[in-house]
Amino acid sequence: MMKLMMFAFAVFVALPSNAQSYIQKKDGSRIAVAEGGITVDPARKRILYTPYGKDAVKLKYKEIDSARIGNSILKVCNVAGKERAYYVLARQDGKALLAMNTVKTRPAGGYEQKYTRHELIIADTSNKVLYESGFSDSVDDTNTKRRLEAVAAIKEHFEQCPEVLQRLAAYELIDNNVDIALSKFLKVPVYTECN
């Protein structure tokens with residue numbers, strides 16, 4: 001019970017209230033979007049959104065600077081020569097913790113099995129990659145090692161951001177498993193303000 005209360009407290013502290021959803025375009029204009037009206041499509045490098053009282057519209061990443069989706073911030077940036085969208089999980093001392101989760105499929109005995117591919121990047125303000133990793137929720141040695149390395153990188157680069165460390169620790173308390181906790185942490189990509 002205590003673990004659940006600690007988790008609920010950490011998530012509550014991390015969530016800003018009354019966050020309005022919008023898209024900030026590269027031309028400087030801002031589009032107000034209905035609550036729950038933004039869908040990110042990483043495979044097609046676009047965002048689908050529903051403006052108030054209108055039909056759904058598609059915008060390519062190259063037109064978007066950022067988007068506020070409830071308690072999450074999505075930033076389109078050029079990392080390693082590729083224009084991609086990442087959720088900004090935190091910013092501190094000129095560094096940003098960026099993540100994207102993509103549901104993929106793989107063949108499994110005549111069927112297609114869905115899995116989540118996590119990408120985690122720590123970049124500076126000029127989008128220079130300081131750390132990068134990709135992994136799935138699989139419990140094989142390779143993915144487990146990558147998740148443990150990613151947790152260590154977050155703790156190293158965001159050691160002065162107790163809000164991120166507390167949120168990650170809350171997931172660790174629930175699972176008693178550091179590497180699986182990271183996957184759950186990334187699946188809820190809320191922006192955490194570092195003080």
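Atoms OG1 and CD, on Thr192 and Gln166 in that order, are 10.0 Å from each other to the nearest 0.5 Å.
Remark: side-chain polar atoms of Ser21 are paired, donor with acceptor, to backbone N or O of Gly70 under 3.5 angstrom. Checked by atom type and distance alone, the side chain of Glu63 pairs as donor or acceptor with a backbone atom of Lys60 at under 3.5 Å.
Minimum heavy-atom separation, Val33 to Tyr49: CG2-CD1, 4.0 Å. Here the shortest heavy-atom pairing between Pro189 and Ser72 reads O-OG, 2.9 Å. Shortest non-hydrogen contact noted between Ala150 and Leu120 is CB-CD2, 3.5 Å. Of all heavy-atom pairs between Glu149 and Tyr131, the closest is C-OH, 3.5 Å. Residues Tyr61 and Ile47 approach most closely at CE2-CG1, 4.3 Å, considering heavy atoms. Considering all non-hydrogen atoms of both residues, Cys161 and Gln92 come closest at CB-OE1, 3.3 Å.
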Scan the side chains in residues 94-113 for donor-acceptor partners under 3.5 Å anywhere in the protein, sequence neighbours excluded, and list what turns up.
| from | atom 1 | to | atom 2 | distance (Å) |
| --- | --- | --- | --- | --- |
| Lys95 | NZ | His157 | O | 3.1 |
| Asn101 | OD1 | His118 | ND1 | 2.6 |
| Asn101 | ND2 | Leu186 | O | 2.6 |

Could you go through Lys82 and Glu119, starting from their C-alpha distance and side-chain angles, then the distance that decides it, and tell me whether this counts as salt bridge (charged side-chain N to carboxylate O under 4.0 Å, His left out)? CA-CA 14 Å; Lys82 296 178 182 177; Glu119 291 180 61; over 6 Å; no

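Looking at heavy atoms from C-beta onward, Thr142 lies out of side-chain contact with Phe135 at the 4.5 angstrom threshold. Counting heavy atoms from C-beta on, the side chains of Ile122 and Phe158 come closer than 4.5 Å. Using a 4.5 Å heavy-atom threshold, the side chains of Ser138 and Tyr115 count as separate.
Within a 6.0 Å sphere centred on CG of Asp27, heavy atoms belonging to other residues, nucleotides or ligands number more than 12. Dense packing is recorded around NZ of Lys26, with more than 12 heavy atoms of other residues, nucleotides or ligands lying under 6.0 Å away.
Paired with Leu182 under the rule side-chain contact (heavy atoms from CB on, under 4.5 Å), one option of Ile154, Leu148, Asp137 passes, and it is Ile154.
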